[in-house]
Amino acid sequence: MKRKDQAQGRLIAVEGTRGTDLRKSARALRRRLISRKVGVGVSWWDASGAFFEMGLGKRKHRIASPRTLMLLYAADLLFRLRWEIRPALAEGRTVIAAPYLGTAVAFGRACGLSRDWLASLFGFAPRPDACHRVEERKKAAGWKGSAQVGFGEFSSAILGAVSPSFEPVRLRRETIALLEKSCRRGRVS
Amino acid sequence: MAARSGRQPGTRTPRRVRDLLRRHEETRGLLVAFEGPDGSGKTTQRKLFARWLESQGHRVFVTKGGSSPLIKPLLQARRKAHALSPEELCLLQAADFRNRLEQEILPALWSGQVVIADRYLFTGLARDAARGLDLDWVLHAYAPLFWPDIVFNFTVSLDTSTSRVASARAPKFYDAGQDVTHLQDPIISYRAFASRVMREYENLAVIFRFVTIDGEQPIYEQHKRIRRLYQEARRTVWGEWNIEALTEWLEWAAAVPEVGREA
């Protein structure tokens with residue numbers, strides 16, 4: 001972490017496959033920054049409530065392809081940028097986005113969507129100033145826990161329930177591999 | 001204008017998919033899109049056309065913009081709250097379209113039904129472009145595109161459209177474009193927004209080869225013309241135009257039982 005004066009007005013992406021780990025990691029980072037007297041806020045997945053509301057719908061209607069899920073993630077990210085991230089950055093605060101682009105792009109690519117399409121879809125989102133990748137636990141397992149915990153949990157529940165080709169263990173393993181690769185290259189998408 | 005494919009680069013269409021499409025080319029249904037500004041008479045003509053097709057022994061499936069069971073509640077609530085930016089509206093509409101395409105339109109076409117789309121994706125494109133969004137970005141959001149066999153584009157003058165809309169009801173916030181015109185009066189806003197939308201329709205009509213229907217002609221004249229054009233229409237060859245969207249759907253359809261039954 002850089003000095004306090006440099007940390008202000010920065011966008012930090014926290015990327016990872018599991019919602020619970022993302023939350024823990026983002027909260028720990030927030031505490032660290034607050035202890036350094038940095039004004040910081042966190043922007044969580046599904047701030048717009050779109051996924052939550054989808055989860056309330058009838059089970060028979062909860063069928064979506066990876067592409068539809070990506071479009072919804074992008075719509076939610078637009079909401080977060082408009083109401084949470086950009087206003088806070090404009091005030092000179094640091095924003096932790098958990099997750100941001102990396103997780104969604106890696107998940108989309110693991111589902112077979114092209115890098116070009118994903119890059120174009122998320123073209124509106126500014127690059128983060130820093131990317132923090134969550135230490136992944138139990139890499140050989142899929143997602144577990146409530147579908148409302150995170151994007152990975154939600155999407156794998158939707159896709160895994162209807163389609164054997166989106167098997168959660170494989171999907172998570174590939175998402176982690178893609179996420180590691182993108183973070184190693186110093187970029188998140 | 002071809003939107004970039006949404007599939008992994010280098011992915012080739014499997015031979016079995018090409019064979020499957022070839023076998024289905026004759027038995028598949030036709031996709032007919034009805035497009036045009038509000039008050040142009042699309043819905044009246046769509047109903048007449050559907051009834052005529054049924055009387056000819058065709059099975060007909062009608063789909064309307066914004067009606068996907070998954071996305072409709074989200075869209076409705078946010079539209080009512082006036083809580084959407086143009087980009088958010090565009091992406092939710094694209095998600096609605098994708099969901100309907102994968103779960104309603106393609107299964108119906110595959111099973112041989114004629115699908116009538118009362119607003120296909122072109123309404124979204126025209127309105128998004130009229131809201132100032134980059135058409136290329138919007139097209140990518142809808143990629144891979146699925147081309148209809150015929151697109152009937154209903155044209156009317158701005159005065160006719162405004163007077164027809166105003167005579168029925170005040171247009172809703174986003175239909176009137178009040179999010180971008182920032183005008184209080186929905187009718188005045190509609191007029192300002194509709195002129196932009198009509199311009200965008202004109203551009204799209206050239207790119208996507210719409211068939212123009214004069215919405216100011218008598219209703220029965222329009223209907224007769226639509227019948228004739230439908231009978232003369234040539235099918236879009238799926239294997240040439242829609243291969244990407246279909247390949248993706250077939251892979252998906254095989255996995256999703258509700259859709260897979262149709263496929």
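These figures come from a predicted structure and were not determined experimentally. Here is the naming used below: chain letters follow the sequence lines, and residue numbers restart at 1 for every chain.
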Could you state the interatomic distance from [atom1] ([X]) to [atom2] ([Y]), rounded to the nearest 0.5 Å?
{"X": "A/S65", "Y": "B/E251", "atom1": "OG", "atom2": "CD", "result": "12.0 Å"}
{"X": "B/D136", "Y": "A/S120", "atom1": "CG", "atom2": "OG", "result": "7.0 Å"}
{"X": "B/Y142", "Y": "A/L71", "atom1": "OH", "atom2": "CG", "result": "9.0 Å"}
{"X": "A/L72", "Y": "B/L92", "atom1": "CG", "atom2": "CG", "result": "6.5 Å"}

Give a yes or no on whether [X] atom [atom1] has more than 12 heavy-atom contacts from other residues, nucleotides or ligands under 6.0 Å away.
{"X": "A/R137", "atom1": "CZ", "result": "no"}
{"X": "B/R235", "atom1": "CZ", "result": "yes"}
{"X": "A/R30", "atom1": "CZ", "result": "no"}
{"X": "A/F124", "atom1": "CZ", "result": "yes"}

Flag the pair B/E102 and A/R67 as a salt bridge only when some basic side-chain nitrogen lies within less than 4.0 angstrom of an acidic carboxylate oxygen.
no
Under the salt bridge (Lys or Arg N to Asp or Glu O under 4.0 Å) test, residues paired with B/D19 that sit two or more places apart:
B/R22
Give the minimum heavy-atom separation between B/W137 and A/L121, together with the two atoms involved.
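Between these two residues, the closest heavy atoms are NE1-O, 3.4 Å.
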For the student: nearest non-hydrogen atoms of A/A74 and B/L91, plus distance:
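Heavy atoms of A/A74 and B/L91 come nearest at CB-CD1, 3.5 Å.
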Does the side chain of [Y] come within less than 4.5 Å of [X]'s, by heavy atoms?
{"X": "B/L74", "Y": "A/M54", "answer": "yes"}
{"X": "A/T68", "Y": "B/D96", "answer": "no"}
{"X": "A/M70", "Y": "B/R98", "answer": "no"}

According to side-chain hydrogen bond (donor to acceptor under 3.5 Å, both in side chains), who are the partners of B/N153, at least two apart in sequence or on a separate chain?
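In terms of side-chain hydrogen bond (donor to acceptor under 3.5 Å, both in side chains), with neighbours along the sequence ignored, B/N153 is linked to no residue.
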So, the side chain of B/N99 versus the backbone of A/I63: is there a donor-acceptor pair under 3.5 Å, distance only?
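Checking the backbone N and O of A/I63 against the side chain of B/N99, a donor-acceptor pair under 3.5 Å is found.
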Residue from A/G49, A/A64, A/P66 scoring the most non-hydrogen pairs under 4.5 Å with chain B is A/A64
Using a heavy-atom distance cut-off of less than 4.5 Å, which residues of residues 64-71 of chain B contact chain A?
B/P69, B/L70, B/I71
Interchain contact, A/L56 with chain B, by part (heavy-atom threshold 4.5 Å):
neither
Interface residues of residues 78-85 of chain A facing chain B - heavy atom cut-off under 4.5 Å
A/L78, A/F79, A/R82
